[in-house]
> 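Submitted below is the structure of interest, expressed as structure tokens.
As the structure lists them, so they are numbered: ligands from 1, and atoms in each ligand from 1.
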Amino acid sequence: MTQRKRQAPQSIDPAAIEMLELAEAEGFSTAFSRAKAMAPCPIGVDGLCCRMCFMGPCRFVPKRGQSIEDVTGVCGATAATIVARNFARMVAAGASAHSDHGRDMAFVLLAAAKGEARGFSIRDEGKLRKVAHLMGIEDKGRPVAEVAQEVAEKALSNFGQQTGEITYASRAPKRRQELWRRLNLVPRGIDREIVETLHRTGMGTDQDPEHILHHTLRASMTDGWGGSMLATDISDILFGTPKPRTSQANLGVLKADQVNLVIHGHDPTLSEQITEAIREPELIQYAMSKGAKGINLAGICCTSNEVLMRQGVPSAGNMLHQELAILTGAVEAMVVDVQCTMEALVGAAAHFHTKVITTSPKAKIEGATHIEMEPHNAYQVARLIVRTAIDNYPNRPDSVHIPSQFSDLVAGFSHEYLRYMQGGTYRGSFRPLNDAIMSGRIRGAAGVVGCNNPRVTQDRGIMRLIQEYIKNDVLVVVTGCGAIAAGKHGYLVPEMMEQCGKGLREVCEAVGIPPVLHVGSCVDNSRILTVLTEMVEEGGLGDDISDLPAVGICPEWMNEKALTIATYFVASGAYVLFGVGSPVSGSPKVVELMTKGWEELVGGKLEFEPDIDKILQKSLAHIDAKRRALKLVTYDPNQYGQSGDRRLAGITA
Ligand code: NFS
Ligand code: SF4
């Protein structure tokens with residue numbers, strides 16, 4: 001009855017709970033408390049508000065006895081049209097974020113190739129040559145810098161290109177490419193499709209929901225097979241292709257006796273330089289001269305994932321940990337670049353000595369210190385930021401409150417490494433994985449990805465699904481804040497094979513991997529597209545991504561980017577389920593178009609399902625249905641595991 005009774009717990013993470021108790025006691029505001037204080041707008045939550053022109057804004061609220069499909073705006077637009085338009089704009093915005101990130105990476109590569117970006121080099125020449133090959137660029141006998149310049153220019157041309165096809169569409173399975181071409185779904189250029197989405201969805205242009213959603217599929221692909229895939233590839237070229245690294249996650253990685261520098265956002269450019277700078281003896285010495293024992297670097301959100309995957313920098317937590325990290329009182333500086341960095345950071349920092357430092361030419365926050373980074377000065381800026389944090393150490397309050405919790409983890413499973421681990425340098429392939437799926441050792445695969453959202457209990461949906469999947473022999477890959485959740489709760493270690501079904505456990509034992517694989521940041525969802533494609537090409541699991549016994553889940557989504565990812569996975573043939581709630585629930589017609597309609601069109605569909613148990617049932621049913629369609633052996637949880645169990649029993653006896 002009382003409000004408190006109806007409220008779900010705020011988090012299942014003990015470190016977060018500890019900090020939230022402190023915040024409540026001290027009267028500090030957080031996203032958790034603000035979400036409680038502000039209910040979602042009851043009209044906007046269903047996608048039923050149109051602000052595309054000033055004859056409105058129009059609210060689509062049916063009168064008693066009226067159907068929603070009979071309500072129109074001043075211009076006559078129907079609910080289905082405005083819900084589809086709102087969704088399309090969110091997808092375009094998400095695609096713009098990931099793609100602009102990809103563009104920035106291409107500019108860094110170009111500057112590095114021309115020798116105009118001190119501190120940047122081609123760390124992974126093998127990957128550069130592989131990417132050159134994928135782009136149709138001749139690399140034999142040519143100097144690295146020359147190839148890198150051409151790769152960067154080719155990547156940049158994908159953005160402004162007006163006709164033809166984006167380069168990486170040709171990386172998809174052959175069948176998928178044919179389907180896309182038949183349906184006119186291949187993006188012509190990244191910027192073009194995003195701009196066209198804005199044009200189409202303004203007042204009085206595209207007013208057929210099915211037609212709007214068709215273009216939305218095309219626009220979303222500018223992210224997955226465009227900007228994100230380019231961002232991933234170029235980051236690997238510049239900073240190295242990830243391979244497994246051990247590290248830790250949760251607020252307990254902050255250190256009471258060291259300068260704590262937290263990097264937060266998405267772009268690895270500056271954070272890679274900061275990772276380098278904190279190792280400089282001169283700066284360590286400088287920190288000690290201020291009374292600290294050293295410099296401790298930790299990440300939040302996807303910047304964290306980028307430097308975790310490549311450098312093993314520990315993670316202080318996922319999206320909802322950004323304010324909580326500051327409330328420990330132990331953070332000298334929080335350095336942000338772009339995306340998912342809450343304006344509230346400045347208010348949280350005002351309680352302490354913490355400096356919030358914005359660094360992107362695209363992003364300032366009022367009240368934050370702005371130290372702008374460009375590729376040519378990145379290392380100097382990184383040093384300046386580290387010094388600023390050190391200078392702030394003596395201002396730290398006498399008592400700090402750092403929760404003790406953190407978990408060990410292994411991250412760094414790039415698609416290249418996944419291939420390598422299944423056979424080594426010369427025999428690397430996806431054959432063992434495909435065989436394990438075909439024989440039923442592994443029932444299928446699930447990607448558990450994406451955000452935190454204070455509208456639901458932090459990490460609960462993510463962790464429940466991960467636990468159930470591995471118990472049911474479903475191999476899990478994780479990215480973004482979902483990956484950090486898995487890390488915080490101790491699921492990214494090989495020991496977790498103990499929690500697996502027998503078949504999956506055997507596979508994990510044989511290969512020596514955790515059953516939950518951290519494959520990277522949110523732009524690295526493009527790695528999952530590559531893995532799915534390689535699985536198709538390996539043979540035995542059908543001839544398109546839509547044939548695979550695989551699902552994609554975002555249990556705690558909040559960002560527009562998550563919707564874009566969902567949509568490009570659907571366009572690629574995947575079944576995608578989202579928790580929390582639906583931004584299109586206002587129009588049954590749009591819901592039908594995005595489920596039944598998209599499934600008929602492209603073999604994938606997007607469903608919003610707030611009930612995590614239902615997500616679990618639906619996803620497992622989908623995996624089993626795909627197994628049946630492929631005529632694979634029926635999954636039987638008791639078929640495997642005997643040998644592995646006996647061997648382990650022998651060891652421990
Ligand atoms: Ni993805 Fe990564 Fe996290 Fe969500 Fe934000 S950090 S880009 S959007 S909240 S997973
Ligand atoms: Fe209202 Fe139509 Fe204008 Fe939207 S475009 S605000 S529905 S009049």
Side-chain angles (χ1 to χ4, degrees), residues 31 43 47-61 71-86 89-90 93-102 200-207 223-224 227-228 231-232 263-268 299-306 308-309 315-322 336-342 447-455 458-459 462 478-487 518-526 553-566 578-580 586-587:
I43 299 163
L48 285 172
C49 165
C50 182
R51 295 195 301 111
M52 297 326 175
C53 87
F54 215 57
M55 293 193 285
C58 298
R59 305 182 303 284
F60 286 62
V61 185
V71 182
T72 67
V74 174
C75 67
T78 61
T81 296
I82 68 128
V83 168
R85 279 199 308 221
N86 286 338
R89 285 202 167 197
M90 290 175 90
S96 76
H98 282 155
S99 294
D100 216 29
H101 173 167
R200 282 182 185 230
T201 53
M203 190 268 156
T205 302
D206 202 354
Q207 289 157 103
D223 179 339
S228 276
T232 295
I263 42 182
H264 170 25
H266 286 78
D267 186 322
I300 300 258
C301 284
C302 281
T303 284
S304 177
N305 284 321
E306 296 281 352
L308 171 64
M309 290 282 284
S315 178
N318 39 4
M319 206 283 292
L320 285 175
H321 272 40
Q322 55 187 296
V336 304
D337 47 63
V338 288
Q339 304 169 23
C340 300
T341 63
M342 296 198 287
V448 180
V449 308
C451 321
N452 275 161
N453 184 329
R455 298 279 171 216
Q458 185 195 20
D459 298 346
I462 295 168
V478 287
T479 59
C481 288
I484 300 175
H518 188 331
V519 301
S521 62
C522 288
V523 295
D524 290 336
N525 281 310
S526 64
I553 327 281
C554 187
E556 300 175 23
W557 79 278
M558 66 91 190
N559 198 300
E560 293 162 322
K561 293 176 285 175
L563 296 177
T564 319
I565 294 166
F578 266 43
V580 190
S587 168

> Would you mind checking which non-hydrogen protein atom is closest to atom 1 (Fe) of ligand 2, with the distance to 0.1 Å?
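Residue, atom and distance for the closest contact: C58 SG, 2.3 Å.
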> Which residue owns the protein heavy atom closest to atom 8 (S) of ligand 2, what's the atom, and how far is it?
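Among all protein heavy atoms, the one nearest atom 8 (S) of ligand 2 is C75 N, 3.4 Å.
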> Heavy-atom distance under 4.5 Å between the side chains of N452 and I484, does that happen here?
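Side-chain contact under 4.5 Å: no.
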> Go through ligand 2 atom by atom and flag the ones less than 4.0 Å from a non-hydrogen atom of G56.
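Heavy-atom distances to G56 below 4.0 Å select 6 (S).
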> Check for a donor-acceptor pair, side chain of T201 on one end and backbone N or O of R85 on the other, with a separation under 3.5 Å.
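No, the answer is negative, given that no donor and acceptor are paired below the 3.5 Å cut-off.
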> Taking 4.0 angstrom as the limit and counting only heavy atoms of M558, give me the atoms of ligand 1 inside it, by number and element.
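Near M558, the atoms of ligand 1 are 9 (S).
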> Is it the case that the side chains of T479 and N525 hold a donor-acceptor pair, with the cut-off being a distance below 3.5 Å and no angle test?
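Yes, a side-chain donor-acceptor pair sits under 3.5 Å.
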> Record the part of R85 in heavy-atom contact with ligand 2 below 4.0 Å; permitted values are side chain, backbone, both and neither.
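The part of R85 near ligand 2 is the side chain, not the backbone.
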> Which one of Q339, Q322, H321 satisfies the side chain to side chain contact (heavy atoms under 4.5 Å, CB included) criterion with H264?
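Among Q339, Q322, H321, the one meeting side chain to side chain contact (heavy atoms under 4.5 Å, CB included) with H264 is Q322.
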> How far is atom 4 (Fe) of ligand 2 from its nearest protein heavy atom, and which residue and atom is that?
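For this ligand atom, the closest protein heavy atom is C50 SG, 2.3 Å.
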> Got an N, O or S from C53 under 2.8 Å of atom 3 (Fe) of ligand 2?
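Checking atom 3 (Fe) of ligand 2 against C53, an N, O or S atom does fall under 2.8 Å.
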> Protein N/O/S atoms under 2.8 Å of atom 2 (Fe) of ligand 1?
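As for protein N, O or S atoms lying under 2.8 Å from atom 2 (Fe) of ligand 1, they are H266 NE2, C302 SG.
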> Without hydrogens or angle criteria, can the side chains of S315 and S304 be said to hold a donor-acceptor pair below 3.5 Å?
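A pair is found: one side chain offers a donor N or O, the other an acceptor, under 3.5 Å apart.
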> Do the side-chain N and O atoms of H266 and K561 include a donor-acceptor pair separated by under 3.5 angstrom?
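The criterion, which ignores hydrogens and geometry beyond distance, is satisfied for K561 and H266.
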> Side chains of Q207 and T81: any donor to acceptor distance under 3.5 Å?
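No, Q207 and T81 have no side-chain donor paired with an acceptor closer than 3.5 Å.
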> Within the distance-only criterion (no hydrogens, no angle test), does the side chain of H98 pair as donor or acceptor with the backbone N or O of G227 below 3.5 angstrom?
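No: the side chain of H98 does not pair with the backbone of G227.
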> Cut-off 3.5 Å, side chains only: do E556 and N453 have a donor facing an acceptor?
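The answer is no; no qualifying pair exists.
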